[in-house]
Amino acid sequence: MPELPEVETTLRGISPALKGQRIKAMVVRNPSLRWPIPPEVQQAVGQTVLGLQRRAKYILIDLGKGGLLSHLGMSGSMRICHADDVPKKHDHFDIVLESGQCVRYHDPRRFGALLWWDPPAHGHPLLKGLGPEPLQADFSGEYLWKRSRGLKLAVKNYIMSGKIVVGVGNIYASEALYMSGIHPGRPAGRISQARYETLAQTIRDVLARAIERGGTTLRDFQNSSGEPGYFAQELLVYEREGLACFQCKAPIRRKVIGQRSSYYCPRCQR
DNA sequence: CCGGACTCCTGGGTGC
DNA sequence: TGCACCCAGGAGTCCG
């Protein structure tokens, strides 16, 4: 489910409730996420939340002497509720605060994660080797172009690889490539620097706009208040197979690239 | 060092 | 209704 805009939306939603609060309890109802929730997360109890940040699609909660690291996987969401609200099916853990509120993690498919990190956070194995953040200055068309020389990999897989740039998932990769006029299956090494400049810009644009709309809700994404995101109505190609391209009216195609559905216009994208 | 296939899991939709 | 099958927003791991 969640790509960068949905994780950012979640982070912004839970931050006010968490910041400066002391953690009263860590309630784990089902530890069977992608990796078992380790006992070390209990170190959070009694600690005060100093801050939160996002790195790629990971949420980092800073508790001073380390902290929590969570990933939403394909179907995860976090919601602010009261600690005594009755948990629903797939509500796997709670971060209970002294305020009486709690952050409740919901994840039907259980591809998400809750782990503990010891300082420095960027030394965590999952965060090492990640590429630049697409909304920061070290991400550019020149960078994309330089790193792609000689690669035969499809450009869609290239921009979805966290080693190159983080946070671009299946929806926004399709959208940015459409906006750039680049065919998703084109070998990454056979795209000019000028076209990569366009692609870097469209990646930034689509992510920024999606954050403004609170993310994309296709099926079940919810923000920390239980509301959907509104970017789905602005999608230009994703899940529009057979419908007319907004630019040229040709039918949008779906093709599996790297085991994932890719949507593109066969006329506008080369 | 690639790059591609496989894997973890539940639920919703479709077609018979 | 039931059932088989396909598909889904991620990404680490393994293998050639």
Side-chain angles (χ1 to χ4, degrees), chain A residues 1-11 29-37 54-59 69-78 88-92 105-115 124-131 134 147-177 184-190 203 206-207 210-211 213-223 228-242 254-263:
Chain A
M1 144 220 282
E3 300 184 35
L4 187 151
E6 293 73 36
V7 178
E8 184 66 27
T9 297
T10 300
L11 180 81
R29 285 181 212 86
N30 183 357
S32 306
L33 299 187
R34 178 163 193 180
W35 300 280
I37 297 176
R54 179 187 58 71
R55 173 70 177 114
K57 296 171 193 165
Y58 295 95
I59 289 173
L69 178 159
S70 185
H71 195 289
L72 302 177
M74 290 277 268
S75 58
S77 60
M78 291 185 184
K88 297 194 181 77
K89 194 178 182 183
H90 307 306
D91 284 346
H92 302 313
Y105 179 85
H106 180 86
D107 186 4
R109 294 177 74 180
R110 290 191 277 118
F111 289 169
L114 177 67
L115 299 169
H124 192 281
L126 290 172
L127 305 182
K128 270 197 213 165
L130 289 177
R147 288 211 55 181
S148 63
R149 292 309 86 192
L151 296 183
K152 293 177 183 167
L153 181 72
V155 63
K156 176 158 177 277
N157 295 342
Y158 175 67
I159 59 172
M160 285 179 67
S161 161
K163 282 182 281 189
I164 302 301
V165 57
V166 300
V168 182
N170 206 35
I171 297 178
Y172 301 112
S174 278
E175 292 295 307
L177 288 165
R186 174 169 283 274
R190 299 207 43 225
I203 288 172
V206 75
L207 293 176
I211 291 170
R213 301 288 184 275
T216 298
T217 298
L218 290 177
R219 289 162 195 90
D220 52 12
F221 173 70
Q222 294 192 339
N223 67 19
Y230 296 103
F231 194 67
Q233 56 207 72
E234 295 181 36
L235 294 175
L236 301 175
V237 280
Y238 196 80
E239 288 198 335
R240 294 196 69 247
E241 183 181 16
R254 181 178 82 100
K255 187 183 178 191
V256 175
I257 298 174
Q259 289 91 244
R260 315 295 298 274
S261 285
S262 304
Y263 298 85

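Values in this document were obtained by computation on a predicted structure and should not be read as measured data. All chains are named by letter (A, B, ...) in the order of the sequence lines, taking the proteins before the strands, and each is independently numbered beginning at 1.
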Just call it for A/Ser161: base, sugar-phosphate, or nothing, with non-hydrogen atoms closer than 4.0 Å on any strand.
-> nothing
Could I get the full list of side-chain hydrogen bond (donor to acceptor under 3.5 Å, both in side chains) partners for A/Glu234, not counting sequence neighbours?
-> A/Arg209, A/Arg213
Kindly give the heavy-atom pair with the smallest separation between A/Tyr105 and A/Asp107, and that separation in Å.
-> OH-OD2, 2.6 Å
Quick one: are A/Val166 and A/Pro134 in side-chain contact, heavy atoms under 4.5 Å?
-> yes
Atom CZ of A/Phe221 and atom C1' of C/dA8 are separated, to the nearest Å, by 16 Å
Interatomic spacing from CG in A/Leu126 to NE2 in A/His124 - rounded to 0.5 Å = 5.0 Å
Interatomic distance, A/Met74 CE vs C/dA8 C1' [rounded to whole Å] = 5 Å
A/Asn170 CG - C/dC7 C1' separation (whole Å) | 12 Å
Starting at CZ of A/Arg54 and ending at P of C/dG10, how long is that distance when rounded to a whole Å?
-> 14 Å
List the steps, then state whether side-chain contact (heavy atoms from CB on, under 4.5 Å) holds for A/His106 with A/Gln222.
-> CA-CA 10 Å; A/His106 180 86; A/Gln222 294 192 339; over 6 Å; no
Any N/O pairs under 3.5 Å between the protein and nucleotides 11-14 of chain C? List them or say none.
| from | atom 1 | to | atom 2 | distance (Å) |
| --- | --- | --- | --- | --- |
| C/dA11 | OP1 | A/His71 | NE2 | 2.5 |
| C/dA11 | OP2 | A/Lys57 | NZ | 2.7 |
| C/dA11 | O4' | A/Arg34 | NH1 | 3.3 |
| C/dG12 | OP1 | A/Tyr58 | OH | 2.8 |
| C/dG12 | O4' | A/Arg34 | NH2 | 2.8 |

Begin with the C-alpha distance, continue with both residues' side-chain angles, and end with the deciding distance and a verdict on side-chain contact (heavy atoms from CB on, under 4.5 Å) for A/Leu115 and A/Tyr58.
-> CA-CA 11 Å; A/Leu115 299 169; A/Tyr58 295 95; over 6 Å; no
Rounded distance (Å) that lies between atom C1' of C/dC7 and atom CD of A/Glu239 | 10 Å
Working for side-chain contact (heavy atoms from CB on, under 4.5 Å), residues A/Phe231 and A/Tyr238 | CA-CA 11 Å; A/Phe231 194 67; A/Tyr238 196 80; over 6 Å; no
For DNA chain B, whose closest nucleotide is more 5', that of A/Lys163 or that of A/Gly258?
-> A/Lys163
Nearest-angstrom distance, P atom, B/dA5 to C/dC7 | 15 Å
For residues 30-37 of chain A, which side-chain N or O atoms pair as donor and acceptor with protein atoms under 3.5 Å away, sequence neighbours left out?
| from | atom 1 | to | atom 2 | distance (Å) |
| --- | --- | --- | --- | --- |
| A/Asn30 | OD1 | A/Ser32 | N | 3.0 |
| A/Asn30 | OD1 | A/Ser32 | OG | 3.3 |

Could you summarise the pairing of DNA chain B as dot-bracket text, marking Watson-Crick and G-U pairs under 3.5 Å with ( ) or [ ] inside the strand and | across strands?
-> .|||||||.|||||||
Starting from C1' on B/dA5, measure out to CD1 on A/Ile257 and report it in whole angstrom.
-> 16 Å
To the nearest angstrom, the CZ-P distance between A/Arg219 and C/dC7 comes to 12 Å
Which part of the nucleic acid, if any, lies within reach of A/Leu218 when heavy atoms closer than 4.0 Å are counted: base, sugar-phosphate only, or nothing?
-> base
Phosphate-side-chain proximity, A/Tyr172 and C/dG9, N/O vs OP1/OP2 below 4.0 Å = no
Looking at the side chain of A/Asn157, which of C/dC7, C/dG9, B/dG4 is the nearest nucleotide?
-> B/dG4
Go through A/His90 and A/Ser75 one step at a time and tell me if the side-chain contact (heavy atoms from CB on, under 4.5 Å) criterion holds.
-> CA-CA 10 Å; A/His90 307 306; A/Ser75 58; over 6 Å; no
Contact check, side chains of A/Ser70 and A/Met78, non-hydrogen atoms, under 4.5 Å | yes
Between B/dG3 atom C1' and A/Leu151 atom CG, what is the distance in whole Å?
-> 10 Å
A/Arg190 CZ: over 12 foreign heavy atoms closer than 6.0 Å = no
Which residues pass the side-chain hydrogen bond (donor to acceptor under 3.5 Å, both in side chains) test with A/Ser262, sequence neighbours left out?
-> A/Lys156
Mind listing the N/O atom pairs, protein and nucleotides 9-13 of chain B, below 3.5 Å?
| from | atom 1 | to | atom 2 | distance (Å) |
| --- | --- | --- | --- | --- |
| B/dC9 | O3' | A/Arg110 | NH2 | 2.9 |
| B/dC9 | O2 | A/Arg109 | NE | 3.0 |
| B/dT10 | OP1 | A/Arg110 | NH2 | 3.0 |
| B/dT10 | O4' | A/Pro108 | O | 3.2 |
| B/dT10 | O3' | A/His90 | NE2 | 3.2 |
| B/dG11 | OP1 | A/Lys89 | NZ | 3.3 |
| B/dG11 | OP1 | A/His90 | NE2 | 2.6 |

